[in-house]
Structures are given as C-alpha cells and as structure tokens.
There are 2 protein chains.
Amino acid sequence: MKTKSKGAEVKSLPLNQILDGDCIEVMNSLPESSVDLIFADPPYNLQLRGDLHRPDNSKVDAVDDHWDQFDSFKVYDKFTRAWLTAARRLLKPDGAIWVIGSYHNVFRMGAELQNQGFWILNDVVWRKSNPMPNFRGKRFTNAHETMIWASKAEGSKYTFNYEALKALNEGVQMRSDWVLPICTGHERLKDENGDKAHPTQKPESLLHRVLIGSTNPGDVILDPFFGTGTTGAVAKMLGRDFIGIEREETYREVAKKRLSKIRKFDKEALEVTQSKRAEPRVAFGVLVERGMLRPGEELWSLNGRHKAKVRADGTLIGDDIKGSIHQVGAHLEGAPSCNGWTYWQFKRDGQKVPIDLLRQQIRAEMAKH
Amino acid sequence: MKTKSKGAEVKSLPLNQILDGDCIEVMNSLPESSVDLIFADPPYNLQLRGDLHRPDNSKVDAVDDHWDQFDSFKVYDKFTRAWLTAARRLLKPDGAIWVIGSYHNVFRMGAELQNQGFWILNDVVWRKSNPMPNFRGKRFTNAHETMIWASKAEGSKYTFNYEALKALNEGVQMRSDWVLPICTGHERLKDENGDKAHPTQKPESLLHRVLIGSTNPGDVILDPFFGTGTTGAVAKMLGRDFIGIEREETYREVAKKRLSKIRKFDKEALEVTQSKRAEPRVAFGVLVERGMLRPGEELWSLNGRHKAKVRADGTLIGDDIKGSIHQVGAHLEGAPSCNGWTYWQFKRDGQKVPIDLLRQQIRAEMAKH
DNA sequence: AGGTTAGATGAATCCAACT
DNA sequence: GAGTTGGATTCATCTAACC
C-alpha cells in the first residue's frame, strides 16, 4: 500500500543523498507529505558546567561542540518547535517519527510533539548495556536514553511490523525497553587522529530495530540531524531509501565515505515475518460453494458445548440464532466478538477438524495462481 | 546535616498524618521550606477511547476514574504548574522531588519541572518485570514508567546515599533503570468486595529504593497524591516521617488501616527489594541487529546436511520452511523439537563455528554490566 | 500433603475493510 | 463518511480449584 502511494512528488525527492544546510530550511524546500518515517537525534543542550574528570584525573571528552550550546530552554523550545513543524509537514498522513534524547531535552521534545498534534505511540527506553559510569558517585549511572515514537496524527495508519519484532524477540512481543550496547569498537567511526568522528554516534543495532519495526522495504526515511549517517547506513542495508540533512561538512564527509561501503542485504533476507492480517480474506461461503462443507452439515464449537448447521448461503443457524460464523459464535458464548474460523469444527472420519484448515487450503491454492 | 537543619517550623508540621483535601490548597497551608523530599504520583491523564478486550474476550479494567479526566493538555498543564509550584515552596533548599508518570504526562511534568527551576538529577526508568501485554499487537508492550528525580534548584546539596544503593545493587553502581515487579498478590490492597482498592497502587519495592537512596532516617517526606499510602508505609518502615494528602475518603480509609499495621524496620520489606535478576535470555535476532550475523548469511546444521539463510528479523529461511532457529532445525531433522543454538553453525575464516559462541559473547557482556 | 492446571489480571491513549 | 462486519490478538504472575 505504502509503496503504491508514491506519487509524482516522491520521484522528485533527493533520495539516498546527504543534503547540506540547516535542517529547517532544507526540510522546507522538500515537497510536503512525501516521507514515510523521520528519525531525529537532535542536539541535546547538555548544560555541562566546566570540565568533567574521571577519578584518575583523565579528562572525559564532553559533548561541548559549538552546535550544542543553547542559551536557555526558551531558545531550545523555539528550535524544537521549528524543526518539528518542518518535519511534520514532510510526513505522509500515515507517516511516523522517532526522536531520541536524554532527560536534558526529551521532555521538551515530547511536550512539543503532543502540542503539534503528533500522536505518541510509545516511549521506548534504550537501556545501554555498557554505559559510562557516574564518576563522581553523586547520581545514578545514566544508563539509558529515551526515544519517542509518534504517528503524524491520531488515527494515522502507521506501520508496525508486529510479527517481525516478535520474531526478533524469541517469540514474545517486543517491549518498550530495549537492551543494546553503545556504539564502540570497529563500528565507531574515527577521524584521521584516531578520535571519535562524532560525539554521539548511535549504534546500528538501534536503527535496525527501529527500521525493521516501523518501515517496509522501499520506504523513504528522513534524518534531519544525519551526523555520520547511522540512519542512512542501516536504511541502505535494509533496502529502504533515505534522505540525510547535515550542516557540518566533516560529518557529511565521514557519512559519505561510510555509505559508499554499505551493501544492501539479499532481497530474500529482507522479507520479514508477516502478520495474518496481511493474508487474503476468505469468505466462509466459499467453502460451501466449493463443496468443502455441505449445506445442512453440522459444526461443533471448540469447547464442544454448542453446535450449528451450515446453510447454503454460508451463514450458520443455531438454536435461536442465525448469522455469520462469527456472529453465531459470539452469541452462543455471550462474548463481544468471536473468531468463527478458530471457533468452529467439522467432522471428518469421526475426527473434529477446525474449519480454519479449509481456509488454509484455499489460501494455499490462491498463492499458487 | 539534614536532620540538624530541622527548625521551629518543622515541629508544627502534621507529621505521619493523612490530610484531607485538594493537594494544592493543603500544601499552601503548610510552612514553606519544611520538607526534605516530595514523592508525587499524579493522575496520568490517560485518554482511553473505547473498551479493550483480551484475546480471551475478557474485558480490561480500565483506569477511567473521574480524577484522571482532563479536557485538554492546556488544562492538564495548568494543574501540573499549580501543584508543582505549591510543592516547590514546601521543599527545603536542599530538598528534592520525585515524580512518576507515563508517556501520557511525563513529558509535560518534566518540562514544567525545568521551567520552575528544579534541577533534574536523573530520569529513572522503572522496567516492569511483569507488565500487561499489548493485546492487539499494535504497539510495543508498555513495559515501563518513568520517574524524574530533581533537586529544588541547581546547586542544591541533595541527599544521595551512593554506598547504600551500591550495596543494594550487588556492589555495583545503581543505574537509572530499575527492574521491579508491579504490585500484585498480597501486597495489593483489596476492598470489601475483593476488588483492588486503588487502580494504580505502586509497589513498596519502588518506594524503598527511592527513600533509601534519597532520604535519611528522620527526614520528612510529603506525598501530595497519597492514594492508598505506599509512600507512607515505606517511610514508616524505614524510620522516616511522612505527610500524606488525599482527597478521596475511601483511599484515606484504606491507607489509614494499612499504616496502622506497619511497624518500623520491617525486615521482610527489606528483602522484597532484592530484585530477582532475570536469567539472561538472548534472542537470536539480537545477533543480527548487532551485526554479528548478517541478513542473507548462511548457517549450516551441525551434521552438515542442511543449510538456511538468516533474515533481517532473526528468523531463518530454508528450502521449504521459514521460522525461528529452533523451528527450522526441528523441521529439517523431522524432530519434534530442536535447540537451534547448538544446532546451527556459521562460517568465519573458513571455519564453522556454532552460533552459541555468539550468545556466550553477549551473555558475558551482560554479566559485566 | 503435595503437585498440577485452570482462571484471573495489571496506569492501555490497542483494528481494518467493506457497504 | 459513517456505520457494520470480519476476525486478529497476550505475558508474567498469583490464586484457587483440583487431583
């Protein structure tokens, strides 16, 4: 659905490029309602007072680059309002956004998201398995960052690959707390001096989970604070298109070099576990039409307490109720709803068999042709 | 230090009582700069639409109480501003506050704390070991709540019992994410009908860690949204004084009865807080997310007879089967079950290596941190 | 008595396609 | 666009009933 909806405006998007400039101006130059997902890791306004030293007196490399200083919350709020407004304009109606931050800025971003009409879906905690300790012993180890996932508006039909995430998580549904290591080792990009190329490079594993969970292959993902391009790198691997915006030339250069080395994974590997909802709908009446069930044949409920008769038009008739397999099941159980496919069974060779088996046969046939 | 600072005004405080009334009015009637710590669990402003049913058709008991209803963010913000202003007035200069909330309200509370000059020390994530699942599979399991810990102002000499918390945490620094179960079982207070007495009762283990970490014996702790009195109960056990404010008579009654049964230094309560460390379960998908295995990469079976390809969501795809490492292994062997971790191998430098080696690497990392 | 199984439940912004 | 119908969807834990 999403990929089909790409119209003419999408074709004019500067896909898989890193755009130079202030992200607000650049976003305003792009066509509205053209992007499926935005991932944003804005500067944090860290308010560091003086230099921080480890117990052994070695200096900690603080996040004190010039772009990270803001005079006050007021200025920061103005900045947040501006870039979120520009970002929201770019999102398709069913698009979504992820923002990431720490306690220094995330509350202001979250409030502004709500003020602008974004609809928060989850706040997700990235629980770092190897955070920097609190050297002074004056606070708790700052061991997590917070991400907010929000759709463009209440009622948006956002993308959520529930089954794929469940598969990623050993068969149980994915929670709002993710345990992942920080970006270190070979993955951490270095400059020519061997220092880290960017102070807050995010791990690819984080973006992998974000993109697998909330985008499909072919989707367009915008990152307005591209940095050294983790979003673009993972998007490319996963067969998504990206647009990066970054105003610092050194970061653009590092990101460009990084992206040139990335290759997309096999198409087959990118196909992901699908939800049953994605499968074609089969009308119960088709089973009757095809003679898989005969009119007049009896069906038994899963618990064996009820039975009903199949009618020629694909409805059921019970003691005091006529209707669809779902309606009759719900009525008999006194339940608000009922999935008739898993509720009803028919008899073959003395064995009770769920009618869903017949639906699966039909679906298998449909897949062949 | 703290205990010495108690002046004449402190003596007039209504200690270890539950005050009746609107918390803002009551707080304004108390003497300023008289309280060491405030713990606040205000209404979350959940905006629940219709009913929600579990897959077994049972209805979820929603938090739809009148006290959680607000017309808009504007109204909620006004409420937040008012009670935080009253709370800040009551705090001693070196006092601190904890607030707890979910994504519905915590961003607004956090921003207002900052606006009023509170100095955020940490945001602490309560990771629930047994949260309610997401029944419709439309979002991530909402598995955590967020607490914000802030001093009255920048430069406040807040209380932080670093060593006590370290001891609580098996000798390593306490982190900003706490794994604790929700309040159930005998601890959960019931009314005469056997229904829960309060819809959102917090676990004592949570308050135990808060009070051990950020107060000393003899400190005065105020809870403006006292509910059924978890803050008071834990304060009493730990030899702190409390002041509770609660406007609902039924909650006050339950809390009063509860508190009468509490005795100071209840050793049992101390044991409750020893968080059970969950056995580190590693999802195969994590190896893919972290780049230890690449989507599209091939795995070989232990006997060399079968191979399968890794997909981006941590499932495998073989000749005629898709599924988890365990499912695909079992299918290929025609076995009822299979331990995929010991069955599958990957290739590095021409050598076949069991994937379990990668799991061991991750577990070693988790154990370290 | 001791172990097993079935049932209940928790701060939840929880559907989508068709007529 | 509103109303109707099909039919997809749950994890950890505690309690009570039951062998």
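Here is how names work: the chains are called A, B, and so on, in the same order as the sequence lines, proteins then strands, and each is numbered from 1. Note that the structure is predicted; figures quoted are calculated from it, not measured.
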- Query: At under 4.0 Å between heavy atoms, what does B:G50 touch on the DNA or RNA strands: base, sugar-phosphate, or nothing?
  - Reply: base
- Ranking D:dC11, C:dA12, C:dA11 by distance to the side chain of A:Q173, first place goes to D:dC11
- Is NZ or CZ of B:R108 both nearer than 6.0 Å to the six-membered ring centre of B:Y76 and within 45° of the ring axis? no
- Query: Is A:C338 touching bases, backbone alone, or none of the nucleic acid, heavy atoms closer than 4.0 Å?
  - Reply: base
- Does A:H326 have a side-chain nitrogen or oxygen under 4.0 Å from the phosphate oxygens OP1 or OP2 of D:dG7? yes
- Per atom distances to the B:K128 side chain, the nearest of C:dA11, D:dT5, D:dT13 is C:dA11
- Query: Phosphate oxygens OP1/OP2 of C:dG10: is one of them under 4.0 Å from a side-chain N or O of B:K196?
  - Reply: yes
- Give a yes or no on whether a donor-acceptor pair under 3.5 Å exists between the nucleobase atoms of C:dT13, that is its base, and the side chain of B:R139. yes
- Note on the structure: When A:S324 and B:D56 are each assigned the nearest nucleotide of DNA chain D, the 5'-most assignment goes to A:S324
- Classify the nucleic acid contact of B:D68 as base, sugar-phosphate or nothing, counting any heavy atom under 4.0 Å across all strands shown. base
- Query: How is B:V106 classified with respect to the nucleic acid when contacts are heavy atoms under 4.0 Å: base, sugar-phosphate, or nothing?
  - Reply: nothing
- What distance do A:L293 atom CG and A:F346 atom CZ have between them, rounded to the nearest 0.5 Å? 6.0 Å
- Message: Using heavy-atom distances to pick each residue's nearest nucleotide on DNA chain D, tell me which of B:T141 and A:D356 is more 5'.
- Response: A:D356
- Query: For C:dA8, what is the paired nucleotide under Watson-Crick or G-U wobble rules, both distances under 3.5 Å?
  - Reply: D:dT13
- Item | Side-chain ion pair, A:E163 and B:K322, N-O less than 4.0 Å | no
- Closest of D:dT5, C:dA11, D:dG7 to the B:L46 side chain is C:dA11
- Atom pair distance, as rounded to whole Å: CD in A:Q327 and P in D:dT4: 12 Å
- Nearest-nucleotide check on DNA chain C, B:S58 vs B:A62; residue mapping nearer the 5' end is B:S58
- Of the listed nucleotides C:dA11, D:dT9, D:dT13, the one nearest the side chain of A:R277: D:dT9
- Could you give the CD1-to-P distance, from A:I321 to D:dT5, as a whole number of Å? 11 Å
- Geometric class of the B:F79/B:F70 ring pair [parallel <30°, tilted 30-60°, perpendicular >60°]: tilted
- Message: Check A:R359 with A:E279, please: is the shortest side-chain N to carboxylate O separation under 4.0 Å?
- Response: no
- Item | C1'-based separation of C:dA16 from D:dG1 [nearest Å] | 15 Å
- Can you tell me how far P of C:dG10 sits from OH of B:Y44, to the nearest Å? 16 Å
- How are the rings of B:W98 and B:W178 set relative to one another: parallel (under 30°), tilted (30 to 60°) or perpendicular (over 60°)? tilted
- Query: For the side chain of A:R359 and the base of D:dG7, is some donor closer than 3.5 Å to an acceptor across the two?
  - Reply: no
- Message: Under 4.0 Å, heavy atoms only, any strand: does B:D41 hit a base, just the sugar-phosphate, or nothing?
- Response: base
- Specify the separation, in whole Å, of atom CG of A:N303 and atom C1' of C:dA6. 15 Å
- Message: Taking any heavy-atom pair under 4.0 Å as a contact, classify A:I120: base, sugar-phosphate, or nothing.
- Response: base
- Query: Given that both distances must come in under 3.5 Å, which nucleotide forms a Watson-Crick or G-U wobble pair with D:dG7?
  - Reply: none
- Tell me: CG of A:N161 to P of C:dC15, nearest whole Å? 17 Å
- Message: Just N and O in the side chain of B:T184: are any of them under 4.0 Å from OP1 or OP2 of D:dT15?
- Response: no
- Message: Heavy atoms only, 4.0 Å cut-off, all strands: where does A:P280 land among base, sugar-phosphate and nothing?
- Response: nothing
- Output yes when at least one side-chain N/O atom of A:Y162 is less than 4.0 Å from OP1 or OP2 of D:dT9, else no. no
- Query: When we call it a touch if two heavy atoms are under 4.0 Å apart, what does A:S337 touch: a base, just sugar-phosphate, or nothing?
  - Reply: base
- Classify the glycosidic conformation of C:dT13 as syn or anti, calling it syn when the angle lies within 90° of 0. syn
- Task: Dump the intermediate steps for side-chain contact (heavy atoms from CB on, under 4.5 Å) on B:D41 and B:I100, then the final yes or no.
- Result: CA-CA 5 Å; B:D41 180 13; B:I100 181 167; 3.3 Å; yes
- Task: State which residue, out of B:H144, B:K128, B:R127, fulfils the side chain to side chain donor-acceptor pair (under 3.5 Å) condition with A:D177.
- Result: B:R127
- Message: Just to be sure I understand the rule, does B:N142 reach a base, reach only the sugar-phosphate, or reach nothing, if contact means heavy atoms closer than 4.0 Å?
- Response: sugar-phosphate
- Message: OP1 or OP2 of D:dT9 versus the side-chain N and O atoms of A:K166: is any pair under 4.0 Å?
- Response: no
- Paired to C:dT13 by Watson-Crick or G-U wobble criteria (both distances under 3.5 Å) is none
- Query: Whole-Å distance between D:dT9 C1' and B:D51 CG?
  - Reply: 16 Å
- Query: Are A:K307 and A:E298 ion-paired here, with the side-chain N under 4.0 Å from a carboxylate O?
  - Reply: yes
- Query: Does OP1 or OP2 of D:dA8 have a side-chain N or O of A:Y343 closer than 4.0 Å?
  - Reply: no
- Query: Is B:F135 stacked on the base of C:dC14, with ring centres under 5.5 Å apart and planes under 30° apart?
  - Reply: no
- Measure the distance from CZ on A:F160 to C1' on C:dT13 and round it to the nearest whole Å. 15 Å
- Query: Base, sugar-phosphate, or nothing: which does A:E154 touch, judged by heavy atoms less than 4.0 Å apart?
  - Reply: nothing
- Note on the structure: By nearest-heavy-atom nucleotide on DNA chain C, the more 5' of B:D61 and A:S156 is B:D61
- Is A:E279 touching bases, backbone alone, or none of the nucleic acid, heavy atoms closer than 4.0 Å? nothing
- Message: Whether the A:E112 and A:Q116 side chains hold a donor-acceptor pair (N or O, under 3.5 Å, no angle test) is what I'd like checked.
- Response: yes
- Message: Need one value for B:S102: base, sugar-phosphate or nothing, where a base atom within 4.0 Å counts as base even if backbone is also close, heavy atoms only.
- Response: nothing
- Query: Rounded to the nearest Å, what distance is computed from the CD atom of residue A:Q274 to the P atom of nucleotide D:dA8?
  - Reply: 14 Å
- Query: Looking only at atom P, what distance separates C:dC14 and D:dA12, rounded to whole Å?
  - Reply: 23 Å
- Message: Categorize B:K59 for me: base, sugar-phosphate, or nothing, with a 4.0 angstrom heavy-atom threshold over every strand shown.
- Response: nothing
- Provide the distance between the two C1' atoms, one in C:dG10 and one in D:dG7, to the nearest whole Å. 26 Å
- Query: So, is B:R136 near the phosphate of C:dC15, with a side-chain N or O under 4.0 Å from OP1 or OP2?
  - Reply: yes
- Message: Categorize A:V172 for me: base, sugar-phosphate, or nothing, with a 4.0 angstrom heavy-atom threshold over every strand shown.
- Response: sugar-phosphate
- Message: When the P atoms of C:dA11 and D:dT15 are compared, how many Å lie between them, rounded to an integer?
- Response: 15 Å
